[in-house]
Amino acid sequence: VDLWFTRDRLKKYIVDYGKRRVTQRKIPLRTIVPETDMVKEYVKTSYPKEIGLTEIHWFPKDIPMFTNEINIYDNKVAICSMGRHEVMGVIIESQEIAHTQRSIFELSWRATEAARII
C-alpha cells in the first residue's frame, strides 16, 4: 500500500477521493489499512476526520498485507490493483458477490484493532 503513496497522481487521487466522499458527500467510510509510517502520516495529515463518518482499523502486522483495494457499495464491488507492474480495475455488479464481500469485510473489521487518529 505504501507504493500507492509514492506515485504523486495516485496519492492525490486517494486524498481527493476521501475528501469528496466523506467531507462533501457525507458518505461513511470504514477502512482497514496497514500500520506503516507512510499510512500513519496520511491518516494524520490528509484523511477525512468527519466525526461519525470515518472509521479506521489497523491491519495486523503479522499477516502479509494485500496489495489491492476493494470497495463495496450498493450491489457493486470495485477491485483496484495498483502494484509495481500493473494498474487495473474492475467493477463487478452482483448482489450475491457484494453480499459475500461485505461478510468478508465484516469478519475482518471485527478481527482488527481500531486506530487512534492522532
Applying side chain to side chain donor-acceptor pair (under 3.5 Å) to N71 and not counting sequence neighbours gives E69
Would you please name every residue forming a salt bridge (charged side-chain N to carboxylate O under 4.0 Å, His left out) with E106, sequence neighbours left out? R30, R110
Test side chain to side chain contact (heavy atoms under 4.5 Å, CB included) applied to P60 - qualifying residues, sequence neighbours left out: D62, I63, T112
Please check if the side chain of H57 supplies one atom and the backbone of I32 the other of a donor-acceptor pair under 3.5 Å. no
Quick check: is I104 connected to W109 through a chain of hydrophobic side chains (ILVMFWY, heavy atoms under 4.5 Å apart)? no
The ring-ring contact (aromatic ring centres under 6.0 Å, His included) partners of Y73 (sequence neighbours excluded) come to none
All N/O donor-acceptor pairs, side-chain side in residues 89-101, below 3.5 Å, sequence neighbours left out:
{"residue": "S94", "atom": "OG", "partner": "E96", "partner atom": "N", "Å": "3.4"}
{"residue": "S94", "atom": "OG", "partner": "I97", "partner atom": "N", "Å": "3.1"}
{"residue": "T100", "atom": "OG1", "partner": "E96", "partner atom": "O", "Å": "3.1"}

Decide yes or no for F59 and E113: does some side-chain heavy atom of the first lie under 4.5 Å from some side-chain heavy atom of the second? no
